[in-house]
Amino acid sequence: MAAGFKIAEPLEYHMSFLKENCRPDGRELSEFRTTTLNIGSISTADGSALVKLGSTTIICGIKAELTNPTVEAPGKGYIVPNVDLPPLCSSRFRPGPPGEQAQAASQFIADVIESSEMIKPEDLCIDRGKLCWVLYCDIMCLDYDGNILDACIIALLAALKNTRLPKVTINKVTCKPEVDSKERHKLPVHKHPVSTSFSIIENSILIVDPTADEESLSTARLSVVTDEDDRLCSLHKPGGTSLSAEKLQTCINRATARQREIQKLMEKVLKSVKAAQ
């Protein structure tokens, strides 16, 4: 009976829970789904991480390649994030070139990398004007159940923390780069931005970490990105219902608390990875 009601009247079904200040999966309105993190799972990548946020599962692999810096930024390397939402992760996605949602997610992540200064492009320069690293960050959704932006940012940050770059020297005679894959060093990660996403249902009810069903019913969405210094790195609100200053402040407060939760989780997992090596 409940399953039929959910399909026939999804909004009524969800509202019957939300009026009681809870959600169909038993969570409170401001409660996240269980978050699990696995670091260094792809042995062929220079850094990798797998994140599960409820059923939403995201994997990020980082591949570092040598290239020439751009003329405009001779002393900087660069980072290229790419989000893939394949048909494998949900029936809502079709085969072919990246759809609108995947492109918007890739752009959101590129903006967060830049605004948060998690990686300084100068750190990726090897020889000014001649040689630098480009980090290709491939982020793939394996299972889609809403709120991919938060999961993507956690996966990216954890994969960057796991990245080890080989030592590169320039041969003085040939002027060509020589790569020593045996000797690797950590990538300096300067900031730890974490994204916290909200959905607004029926123009007034604010929930955190929406599922795919909740996202489809929302009248607005908001993602707040903060770092460990409680700095607001990014606010992403693609249209929809306007938000009062009070509600926005509630979102920012929840986001700063979430940043600490995720950073703690990441430190714990990185410690256990180090102990296992």
(request) Taking all heavy atoms of Thr196 and all of Ala255, pick out the closest pair and write down the distance. (result) OG1-CA, 3.4 Å
(message) Donor-acceptor pair, distance only, cut-off 3.5 Å: does the side chain of Asp127 make one with the backbone of Lys130?
(response) no
(message) Same cluster or not: Leu206 versus Met15, using hydrophobic residues (I, L, V, M, F, W, Y) connected whenever any side-chain heavy atoms lie under 4.5 Å apart?
(response) no
(message) Tell me if a side-chain donor or acceptor on Thr219 pairs with a main-chain N or O of Ile200 at a distance below 3.5 Å.
(response) yes
(request) Look at the side chain of Asp227 and the backbone N and O of Arg231, then say whether any donor-acceptor pair between them is shorter than 3.5 Å. (result) yes
(request) Check whether any side-chain N or O of Asn38 sits under 3.5 Å from a backbone N or O of Leu50 as a donor-acceptor pair, and report yes or no. (result) no
(message) Within this structure, what is the OG-NZ distance for the pair Ser181 and Lys167, rounded to the nearest 0.5 Å?
(response) 12.5 Å
(request) Would you sort out whether Arg27 and Asp209 count as a salt bridge (charged side-chain N to carboxylate O under 4.0 Å, His left out), showing the intermediate values? (result) CA-CA 10 Å; Arg27 285 186 288 156; Asp209 181 23; 3.3 Å; yes
(message) Do Ile113 and Pro81 have side chains that approach each other closer than 4.5 Å (heavy atoms only, starting at C-beta)?
(response) yes
(request) Keeping the roles fixed (side chain from Lys120, backbone from Pro188), state whether a donor-acceptor pair exists under 3.5 Å. (result) no
(request) Check whether any side-chain N or O of Lys161 sits under 3.5 Å from a backbone N or O of Ile39 as a donor-acceptor pair, and report yes or no. (result) no
(request) Taking atom types as modelled, find out whether Arg258 and Thr35 have a side-chain donor-acceptor pair closer than 3.5 angstrom. (result) yes
(message) Are His14 and Ile201 packed together at the side-chain level, in the sense that at least one heavy-atom pair is separated by less than 4.5 angstrom?
(response) no
(message) Before you tell me yes or no, could you show the steps for Asp123 and His190 under side chain to side chain contact (heavy atoms under 4.5 Å, CB included), namely the whole-Å CA-CA distance, both residues' side-chain angles and the distance that decides it to 0.1 Å?
(response) CA-CA 10 Å; Asp123 292 339; His190 297 277; 2.7 Å; yes
(request) Quick one: closest heavy-atom pair of Ala155 and Ile58, and the distance? (result) CB-CG2, 3.9 Å
(message) For the backbone of Lys52 and the side chain of Thr56, can you confirm whether one donor and one acceptor N or O come within less than 3.5 Å of each other?
(response) no
(request) Using the six-membered ring of Phe198, assess whether NZ or CZ of Arg254 lies under 6.0 Å from its centre and within 45 degrees of the ring axis. (result) no
(request) Considering non-hydrogen atoms only, spot the tightest contact between Cys89 and Cys141 and give its length. (result) CB-O, 3.3 Å
(request) May I ask you to decide if Ser48's main-chain N or O and Asn162's side chain share a donor-acceptor pair within less than 3.5 Å? (result) yes
(request) Treat each ILVMFWY residue as a node, draw an edge where side-chain heavy atoms are under 4.5 Å apart, and state whether Ile109 and Leu142 are in one component. (result) no
(message) Quick one about Ser55 and Asp143 (side-chain donor to acceptor, distance below 3.5 Å, no hydrogens or angles considered), yes or no?
(response) no
(message) Any non-hydrogen side-chain atom of Arg33 less than 4.5 Å from a side-chain atom of Thr211?
(response) yes
(request) With rounding to the nearest 0.5 Å, note down the distance linking CD1 in Ile154 to CE in Met266. (result) 6.5 Å
(message) What I'd like to find out is whether the side chain of Cys60 reaches to under 4.5 Å of the side chain of Ile139, using heavy atoms alone.
(response) yes
(request) Drop me the distance from Trp133's CH2 to Glu65's CD, to the nearest 0.5 angstrom. (result) 9.0 Å
(request) Evaluate the side chain to side chain contact (heavy atoms under 4.5 Å, CB included) criterion for residues Leu187 and Leu160: first the C-alpha distance (whole Å), next the side-chain angles of each, then the deciding distance (0.1 Å), finally the verdict. (result) CA-CA 7 Å; Leu187 180 67; Leu160 287 168; 3.7 Å; yes
(request) In sequence, state the C-alpha distance, the side-chain angles, and the governing distance for Val83 and Gln101, and then conclude on side chain to side chain contact (heavy atoms under 4.5 Å, CB included). (result) CA-CA 9 Å; Val83 176; Gln101 193 176 349; over 6 Å; no
(message) Whether Asp46 and Arg184 form a salt bridge (side-chain N of Lys/Arg under 4.0 Å from carboxylate O of Asp/Glu) is what I want to check.
(response) yes
(request) Taking the side chain as every heavy atom from C-beta outward, state whether Met118 and Leu157 have any atom pair closer than 4.5 Å. (result) yes
(message) How close do Ala49 and Ala158 get, counting heavy atoms only, and between which atoms?
(response) CB-CB, 3.6 Å
(request) Measure across Pro166 and Asp180 and return the closest heavy-atom pair with its distance rounded to 0.1 Å. (result) CB-O, 3.5 Å
(message) How close do Lys237 and Gly240 get, counting heavy atoms only, and between which atoms?
(response) NZ-O, 3.5 Å
(message) Tell me whether the count of non-hydrogen atoms from other residues, nucleotides or ligands lying under 6.0 Å of CD in Glu114 goes above 12.
(response) no
(request) Please check if atom CD in Glu31 has more than 12 non-hydrogen atoms from other residues, nucleotides or ligands closer than 6.0 Å. (result) yes
(message) Please say yes or no: joined through hydrophobic side-chain contacts below 4.5 Å, possibly via intermediate residues, are Ile59 and Leu265 part of one cluster?
(response) no
(request) Evaluate side chain to side chain contact (heavy atoms under 4.5 Å, CB included) for Lys76 paired with Cys125, printing each intermediate quantity in order. (result) CA-CA 5 Å; Lys76 295 178 178 181; Cys125 181; 5.8 Å; no
(message) Just so I know, are the side chains of Thr36 and Leu53 near enough to count as touching, which here means a heavy-atom distance under 4.5 Å?
(response) no
(message) I'd like to know if the side chain of Ser115 pairs up with that of Ser234 as donor and acceptor (distance under 3.5 Å, no hydrogens or angles considered).
(response) no
(message) Looking at His192, is its backbone amide N or carbonyl O close enough to the side chain of Gln259 to form a donor-acceptor pair, meaning the two atoms are under 3.5 Å apart?
(response) yes
(request) Indicate yes or no for a side-chain donor-acceptor contact from Asp145 to the backbone of Ala212 under 3.5 Å, with no hydrogens or angles considered. (result) yes
(request) Mind checking the OG-CG spacing from Ser106 to Asp84? Nearest 0.5 Å is all I need. (result) 8.5 Å
(request) Give a yes or no on whether a salt bridge exists between Glu261 and Lys264, defined as a side-chain N under 4.0 angstrom from a carboxylate O. (result) no
(message) Could you see if Leu124 belongs to whatever hydrophobic cluster contains Leu156? Use Ile, Leu, Val, Met, Phe, Trp, Tyr and a side-chain cutoff under 4.5 Å.
(response) yes
(request) State yes or no: do Val269 and Val194 share one hydrophobic cluster built from I, L, V, M, F, W and Y residues joined by side-chain heavy-atom distances below 4.5 Å, directly or via other members? (result) yes
(message) Could you tell me if Asp150 and Ser197 have a donor-acceptor pair between their side chains, going purely by distance under 3.5 Å?
(response) yes
(request) Hey, could you give me the CG/SG distance between Asn82 and Cys137, rounded to the nearest 0.5 Å? (result) 9.5 Å
(message) Can you confirm whether Leu66 sits close enough to Val168 that some side-chain heavy atom of one is under 4.5 Å from a side-chain heavy atom of the other?
(response) yes
(message) Measuring from atom OG of Ser199 to atom CG of Leu29, what distance do you get when rounded to the nearest 0.5 angstrom?
(response) 12.0 Å
(request) Give me the ring orientation class for His236 and Phe108: parallel if the planes are under 30° apart, tilted from 30 to 60°, perpendicular past 60°. (result) tilted
(message) Can you confirm whether Glu228 sits close enough to Lys191 that some side-chain heavy atom of one is under 4.5 Å from a side-chain heavy atom of the other?
(response) yes
